[in-house]
Amino acid sequence: MSDKPRGIGAGLFGKESGTSYEVYLNLTPLMDVMSNLLFFLLASFGATMVAIMPTTVPTVSSGESAPNDDKKEDAVNVTMRADASGITLKCESDTIAPDLLKDMGGKIPRVGGQYDYKQITTVLNNIKQKYRASKSVVVVPDDNVPYEVVVKLLDAARDTRLIDTRNAILFPDVVLSGIATHDAEGNLLK
Amino acid sequence: MSGGGGDGEYDVNINLTALLDILTNLLFFLMVGFMSSKASMELDGGMQLPTSTAQLEPKKAVQVTVARKELRVEKEVIANLRDGKVVAAKTQEGKIEPLLQRLQQVRKDKNVTGPEADILFVLCDKDTPYGLLRRVMMTAAEAGYPKFRMAVLMQ
């Protein structure tokens, strides 16, 4: 390629014209359209930030469990009943005497017409601190409790976000109760 | 454009090219993010999901929607709802018969195997009474879907 400089109006492929034009593109309408699109997408993007909460239903096993010689760490299963008066927490365990668990649960009354979610997390956190292998909580809401409140109860049971910014995991296995009507053989549960 | 304080008029051309560049980048970023959403879901006009601190990303599964006025499997309306109750649909021992039949059919048609086979993706309006949701979940468990992914909005 030649190093000879090209003059005014000289293009890559030879002289095109003797006059040069400065063209100002009017970008304002394009800006307008793009801003509209942008705001629309921003609004939709916020609305579709959907997450999931995994839950299961109780299952019934007809067979006897196989004996396990391994020494297991003590764990408790917490049952959380939600009714009009408040939350009742009850702890049960296969390996710990009921007398030791009697004082761990209790009743958490409503405050200002709402469940005291922070207190629920605090009580569950105390249980978890004492029996670290505990993982399961069975939530038993009344039929008239709205789904939104059930989700808040599950949130309060799952981690310590409500009371602590460090956010430790509490009871990751959540079971919604009052669902299974039949066992594996199709027998009606009482 | 007229500039104050003098006799002369000034024609000011704002250079929008740089701003346009930023907007284009943002636009493409948002469009790609919008399209790569793993699970697509359609919410009714009046339906609202509850907010939660859950962080798990949604994964595709058979979708059941408990809206304010209707119960749907995928996009098909199964039953109408009024005041948190199923209207004009057969119920037996708490189960919702049309839902049970449809889910059994879907399970048969899809023929999915593995751990994803018994999971249901549930979209439920935040004001739905638990009694109705319980019946939906109980029916789903009967149809072979005992595990649920409950859709919520991230807080």
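Here the closest heavy-atom approach between residue B/Ser52 and residue A/Arg158 is recorded as OG-NH2, 3.8 Å. Closest heavy-atom contact between A/Met31 and B/Leu23: SD-CD1, 3.6 Å. The heavy-atom pair separating B/Pro50 from A/Tyr147 by the smallest distance is CG-CE2, 3.5 Å.
To the nearest 0.5 angstrom, B/Asn25 atom CG is 11.0 Å from A/Leu38 atom CG. Note that the CG atom of A/Leu37 and the OG1 atom of B/Thr24 stand 10.5 Å from one another [nearest 0.5 Å].
For chain A, the nearby part of B/Asp125 is the backbone; its heavy atoms alone come within less than 4.5 Å. The parts of B/Thr17 that come within reach of chain A are both its backbone and its side chain, each placing non-hydrogen atoms under 4.5 angstrom from that chain.
For A/Lys107, the NZ atom is densely surrounded, since the number of other residues' heavy atoms within 6.0 Å is greater than 12. For B/Asp83, the CG atom is loosely surrounded, since the number of other residues' heavy atoms within 6.0 Å does not exceed 12. Within 6.0 Å of CZ in A/Arg110 there are more than 12 heavy atoms belonging to other residues, nucleotides or ligands.
Residues A/Leu100 and A/Leu124 share a hydrophobic cluster, clusters being chains of Ile/Leu/Val/Met/Phe/Trp/Tyr side chains in contact below 4.5 Å. Linking Ile, Leu, Val, Met, Phe, Trp and Tyr whenever their side-chain heavy atoms come within less than 4.5 Å puts B/Leu56 and B/Leu123 in one cluster. Following chains of ILVMFWY side-chain contacts shorter than 4.5 Å, one cannot reach B/Leu120 starting from B/Leu100, and the two form parts of different hydrophobic clusters. With hydrophobic clusters built from ILVMFWY side chains whose heavy atoms lie under 4.5 angstrom apart, B/Val77 does not share a cluster with B/Val62. Cluster membership check: A/Leu30 shares its hydrophobic cluster with A/Phe40, using side-chain heavy-atom separations under 4.5 Å among Ile, Leu, Val, Met, Phe, Trp and Tyr.
Between B/Met150 and A/Val151, the closest side-chain pair of non-hydrogen atoms is not below 4.5 Å.
Your options are B/Leu26, B/Ile119, B/Thr53, and the one with the most heavy-atom pairs under 4.5 Å with chain A is B/Thr53. When the candidates B/Val66, B/Asn15, B/Asp127, B/Leu27 are compared by the number of heavy-atom contacts under 4.5 Å with chain A, B/Leu27 comes out ahead. The greatest number of non-hydrogen atom pairs below 4.5 Å with chain B, out of A/Asp155, A/Leu27, A/Asn144, is found for A/Asp155.
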**Study point:** Full working for side-chain contact (heavy atoms from CB on, under 4.5 Å) between B/Arg134 and A/Leu176
**Key:** CA-CA 8 Å; B/Arg134 184 174 57 82; A/Leu176 277 171; over 6 Å; no
